[in-house]
*Asks:* 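One structure is given below, represented as structure tokens, and several questions about it will come after.
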Amino acid sequence: MNDVPLSNFWSDSAPDDSDPRPALTGHHEADVAIIGAGFTGLWTAYYLKSLSPGLTIRVLEGERVGHGASGRNGGWVIGSLAGLSRLVEGLSRDERRACCRILADNVDAIGATLAKENIEAQFHKGGAIYAAARYPGQEAIQRAYLEHLHALGHPEEACYWLDAAELAEKARFRNARGGVFQRDCATVHPLRLLRGLARTLETMGVTIHERSRVRSRHPRGVTTDSGHLRTELTVSATEGYCAGLPEMRRYVLPVQSLVVATEPLSASCWADIGMAGRPAFADASRLVNYGHRTADDRLLFGARGSYRLGGRPMMNQAIPASAVTWRRDLLTDLFPALGEVRITHGWGGSLGLSRRFRPHALLDRASGLATAGGYAGEGVAASHLFARTLADMILERDTDLTRMPWAMDETHPSRGLRRWEPEPCRWLAAQLIGLSYAGEEALMQRDRSLGIVRPTLTRLNDTFASVIE
Ligand SMILES: Cc1cc2nc3c(=O)[nH]c(=O)nc-3n(C[C@H](O)[C@H](O)[C@H](O)COP(=O)(O)OP(=O)(O)OC[C@H]3O[C@@H](n4cnc5c(N)ncnc54)[C@H](O)[C@@H]3O)c2cc1C
């Protein structure tokens with residue numbers, strides 16, 4: 001049995017942070033207040049300040065920098081978007097391609113910005129493998145996924161099929177039948193990125209307050225327990241941690257996601273598994289399991305999370321031993337060479353889901369509010385792109401980004417966000433979806449001839465999604 005300290009690998013492997021930054025006290029003014037020091041908040045501050053150095057910007061973080069999902073995630077920097085198919089609905093083929101090009105370029109843009117600012121965050125672009133590995137039905141799923149990527153506008157040279165031998169050159173999954181390779185995906189140490197970015201912002205003149213939880217917001221400012229900030233514009237960058245802000249929590253639902261990391265693996269173990277190029281990997285299933293080889297030779301691995309009644313975000317990080325064991329079993333099923341590998345870290349956090357399952361960058365000048373989020377578990381790269389979009393919108397710059405379907409302001413055809421249903425409807429829906437996913441997975445694994453099962457359950461799930469749409 002593993003001796004699991006239940007700690008976050010990123011916190012344990014990032015250089016020590018300084019003492020907490022001073023909280024906001026007394027009355028102050030700023031051009032822009034940003035609530036939340038995760039990727040969305042800090043990248044928004046970075047692009048606003050870079051484009052308009054004269055702006056005064058204060059970031060208000062309820063805990064410490066990186067307390068939310070940005071300091072707890074799986075480290076994938078994805079050159080696509082969750083919810084992209086909904087966003088590009090109705091766009092021409094050329095427009096979809098332009099959108100996908102921006103998403104792919106975003107991965108390189110993050111790498112370039114980290115290099116420019118000397119932020120050492122272990123950024124590594126090794127692509128992503130979506131393997132058909134655990135049961136035969138997965139090959140059809142992955143081939144359909146590849147077609148879907150091309151239909152969305154991702155070019156063939158960036159997303160292509162690997163046969164079993166080609167896949168084995170990149171990574172050796174048990175019984176792998178092939179899989180999809182997606183070129184535009186990197187991995188990063190998220191907490192190193194955030195802490196480095198926070199320091200960069202301070203040299204640029206942005207003030208970051210920690211332990212400064214915003215209790216209320218109104219069109220002319222925000223109030224914390226010990227201070228008040230007068231401002232014309234507030235950016236709410238709270239994604240899955242918005243429960244304390246009544247005007248945000250109706251729109252973004254926190255869903256828990258849990259991750260584990262192994263001890264550093266031996267050279268002989270890596271010789272069995274492959275992954276010399278350190279790609280990110282996932283396999284096709286509703287379990288949403290994914291991972292990558294870290295810079296210090298561990299396997300980091302996450303799998304499906306859950307929804308808590310009332311939409312409470314996961315403030316602490318500890319995860320139960322059963323959750324660790326389940327992930328360990330999935331991982332060793334994919335890579336038998338891991339044998340009795342020791343899991344040294346396990347942690348979790350909350351990601352944000354918007355009601356229309358579309359991520360958004362939204363500016364509402366009338367109420368003095370801007371926000372971005374709803375990344376549905378794919379926010380590491382998206383938050384960078386959406387922060388750039390928000391900065392352009394706030395500064396009234398007409399750019400390619402402000403014309404993208406995620407940019408919403410008064411002129412956007414589907415302006416505004418939709419509210420989630422009250423409880424217990426949300427919780428019941430989450431249980432139903434979870435059960436149907438588990439059923440689908442169990443049947444796919446047990447009866448290899450049940451080719452009709454997945455399409456049927458998929459149709460049921462899609463029908464459910466369109467009903468709540
Ligand atoms: C376990 C896990 C694994 C994930 N893996 C991946 C992955 O591999 N790739 C990927 O692309 N995405 C992944 N995600 C999703 C991704 O991490 C998030 O989408 C992204 O980090 C969201 O960034 P954010 O800045 O918008 O929000 P957060 O990082 O959640 O930051 C919100 C911040 O707001 C603060 N806050 C909230 N309310 C207040 C208040 N009232 N006053 C002051 N501060 C407040 C919080 O303390 C928090 O620090 C994962 C998420 C989780 C939980």
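Atoms within a ligand are numbered from 1 in the order they appear, just like the ligands themselves.
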*Asks:* Side chain, backbone, both or neither: which part of R72 has a heavy atom under 4.0 Å from ligand 1?
*Replies:* backbone

*Asks:* With side-chain hydrogen bond (donor to acceptor under 3.5 Å, both in side chains) as the criterion, how do T344 and R298 come out once you've worked through the C-alpha distance, each side chain's angles and the decisive distance to 0.1 Å?
*Replies:* CA-CA 10 Å; T344 52; R298 298 164 191 267; 3.1 Å; yes

*Asks:* Provide, to 0.1 Å, the distance between atom 30 (O) of ligand 1 and the closest protein heavy atom, together with that atom's residue and name.
*Replies:* A69 N, 3.0 Å

*Asks:* Under the criterion side-chain hydrogen bond (donor to acceptor under 3.5 Å, both in side chains), I'd like the reasoning laid out for Q182 against Y160: C-alpha separation, chi angles, the key distance, then a yes or no.
*Replies:* CA-CA 7 Å; Q182 217 168 339; Y160 49 89; over 6 Å; no

*Asks:* Examine G379 against ligand 1 and note whether any of their N/O atoms are separated by less than 3.5 Å.
*Replies:* yes

*Asks:* Please list, chain by chain and in numerical order, all residues satisfying ring pair (Phe, Tyr, Trp, His ring centres under 6.0 Å) with Y307, sequence neighbours excluded.
*Replies:* none

*Asks:* Show the atoms of ligand 1 that are less than 4.0 angstrom away from any heavy atom in G349.
*Replies:* 53 (C)

*Asks:* Would you call D225 and R213 a salt bridge, using N to O less than 4.0 angstrom?
*Replies:* no

*Asks:* How far is atom 44 (N) of ligand 1 from its nearest protein heavy atom, and which residue and atom name does that atom have?
*Replies:* G62 N, 2.9 Å

*Asks:* To check your reading of the model: name the closest protein heavy atom to atom 5 (N) of ligand 1, its residue, and the distance in Å.
*Replies:* G74 N, 2.8 Å

*Asks:* Please report which non-hydrogen protein atom sits nearest to atom 11 (O) of ligand 1, along with the residue it belongs to and the distance in Å to one decimal place.
*Replies:* V380 N, 2.9 Å

*Asks:* Over 60° means perpendicular and under 30° means parallel, so classify the ring planes of H345 and F9, tilted if in between.
*Replies:* perpendicular

*Asks:* Counting C-beta onward and ignoring hydrogens, is there a side-chain heavy-atom pair between L149 and Y145 closer than 4.5 Å?
*Replies:* yes

*Asks:* Under the side-chain hydrogen bond (donor to acceptor under 3.5 Å, both in side chains) rule, what do Y47 and H384 come out as? Steps first, then yes or no, please.
*Replies:* CA-CA 9 Å; Y47 283 104; H384 175 261; 2.7 Å; yes

*Asks:* Indicate yes or no: does an N/O atom of G240 lie under 3.5 Å from an N/O atom of ligand 1?
*Replies:* no

*Asks:* Would you mind running through ligand 1 and noting each atom that sits below 4.0 Å from a heavy atom of S350?
*Replies:* 53 (C)

*Asks:* Charged N to carboxylate O under 4.0 angstrom, R426 versus E423?
*Replies:* yes

*Asks:* Using a 6.0 Å cut-off, check whether atom CZ of R230 has over 12 heavy atoms from anything other than its own residue.
*Replies:* no

*Asks:* Can you sort out which atoms of ligand 1 are near Y375, meaning under 4.0 Å from one of its heavy atoms?
*Replies:* 19 (O), 26 (O)

*Asks:* Can you find a side-chain donor-acceptor pair between T40 and Y375 that sits under 3.5 Å?
*Replies:* yes

*Asks:* With a cutoff of 4.0 Å, is G302 in contact with ligand 1, counting heavy atoms of the residue only?
*Replies:* no

*Asks:* Do the side chains of M393 and T402 get nearer than 4.5 Å, heavy atoms only?
*Replies:* yes

*Asks:* One residue to check: V259. Relative to ligand 1, which of side chain, backbone, both or neither has a non-hydrogen atom less than 4.0 Å away?
*Replies:* side chain

*Asks:* Is the closest N or O pair between F39 and ligand 1 shorter than 3.5 Å?
*Replies:* yes

*Asks:* Tell me which part of W347 gets within contact of ligand 1: side chain, backbone, both or neither, using heavy atoms under 4.0 Å.
*Replies:* neither

*Asks:* Can you list the residues that meet the side chain to side chain donor-acceptor pair (under 3.5 Å) rule with Q122, with sequence neighbours excluded?
*Replies:* none

*Asks:* Considering non-hydrogen atoms of the protein only, which is the closest contact for atom 8 (O) of ligand 1, and what is the distance?
*Replies:* W76 N, 3.0 Å

*Asks:* Before signing off on this row, confirm whether A37 and ligand 1 have an N or O atom pair separated by under 3.5 Å.
*Replies:* no

*Asks:* Any chance you could lay out the side-chain hydrogen bond (donor to acceptor under 3.5 Å, both in side chains) test for T371 and H360, step after step, and finish with the verdict?
*Replies:* CA-CA 8 Å; T371 187; H360 52 266; 4.7 Å; no

*Asks:* Select one of side chain, backbone, both or neither to describe which atoms of S383 lie under 4.0 Å from any atom of ligand 1, heavy atoms only.
*Replies:* neither

*Asks:* Strictly by modelled atom types, are T187 and H124 linked by a side-chain donor-acceptor pair under 3.5 Å?
*Replies:* no

*Asks:* For ligand 1, which atoms sit closer than 4.0 Å to a heavy atom of N73?
*Replies:* 2 (C), 3 (C), 4 (C), 5 (N), 6 (C), 13 (C), 14 (N), 17 (O), 50 (C), 51 (C)

*Asks:* Report yes or no: do D392 and T389 form a side-chain donor-acceptor pair below 3.5 Å?
*Replies:* no

*Asks:* Within a distance under 4.0 Å of any heavy atom of E239, pick out the atoms of ligand 1 and give their elements.
*Replies:* 18 (C), 19 (O), 22 (C), 26 (O), 27 (O)

*Asks:* What atoms in ligand 1 come closer than 4.0 Å to a heavy atom of L245?
*Replies:* 41 (N)

*Asks:* Could you identify the single nearest non-hydrogen protein atom to atom 1 (C) of ligand 1 and state the distance to 0.1 Å?
*Replies:* S257 O, 3.2 Å

*Asks:* Show which atoms of ligand 1 fall inside a sub-4.0 Å distance from at least one heavy-atom site of G38.
*Replies:* 25 (O), 29 (O), 31 (O)

*Asks:* Determine the interplanar angle of the H28 and H209 rings, folded into 0 to 90°, and report it as parallel if under 30°, tilted if 30 to 60°, perpendicular if over 60°.
*Replies:* tilted

*Asks:* Do any N/O atoms on G68 end up under 3.5 angstrom from N/O atoms on ligand 1?
*Replies:* yes

*Asks:* Does G244 reach ligand 1, in the sense of a heavy atom lying below 4.0 Å from it?
*Replies:* no

*Asks:* For ligand 1, is there an N or O atom under 3.5 Å from any N or O atom of G75?
*Replies:* yes

*Asks:* Considering distance alone, does some N or O of E61 sit under 3.5 Å from an N or O of ligand 1?
*Replies:* yes

*Asks:* When you look for heavy atoms under 4.0 Å from ligand 1, do you find them on the side chain of T40, its backbone, both, or neither?
*Replies:* both

*Asks:* Hey, is R365 close enough to D409 for a salt bridge, meaning N to O under 4.0 Å?
*Replies:* no

*Asks:* In the protein, which heavy atom is nearest to atom 23 (O) of ligand 1, and how far is it?
*Replies:* S70 OG, 3.0 Å

*Asks:* For S212, state whether at least one heavy atom is located under 4.0 Å from any atom of ligand 1.
*Replies:* yes

*Asks:* Out of all atoms in ligand 1, which are within 4.0 Å of some heavy atom of L60? Include the element for each.
*Replies:* 43 (C), 44 (N)

*Asks:* Side-chain contact test, heavy atoms from C-beta onward, threshold under 4.5 Å: evaluate it for W326 versus D329 and give yes or no.
*Replies:* no

*Asks:* Quick test: of every protein heavy atom, which one is nearest to atom 36 (N) of ligand 1, and how far off is it to 0.1 Å?
*Replies:* T238 CG2, 3.8 Å

*Asks:* Heavy-atom contacts under 4.0 Å between A237 and ligand 1: side chain, backbone, both, or neither?
*Replies:* backbone

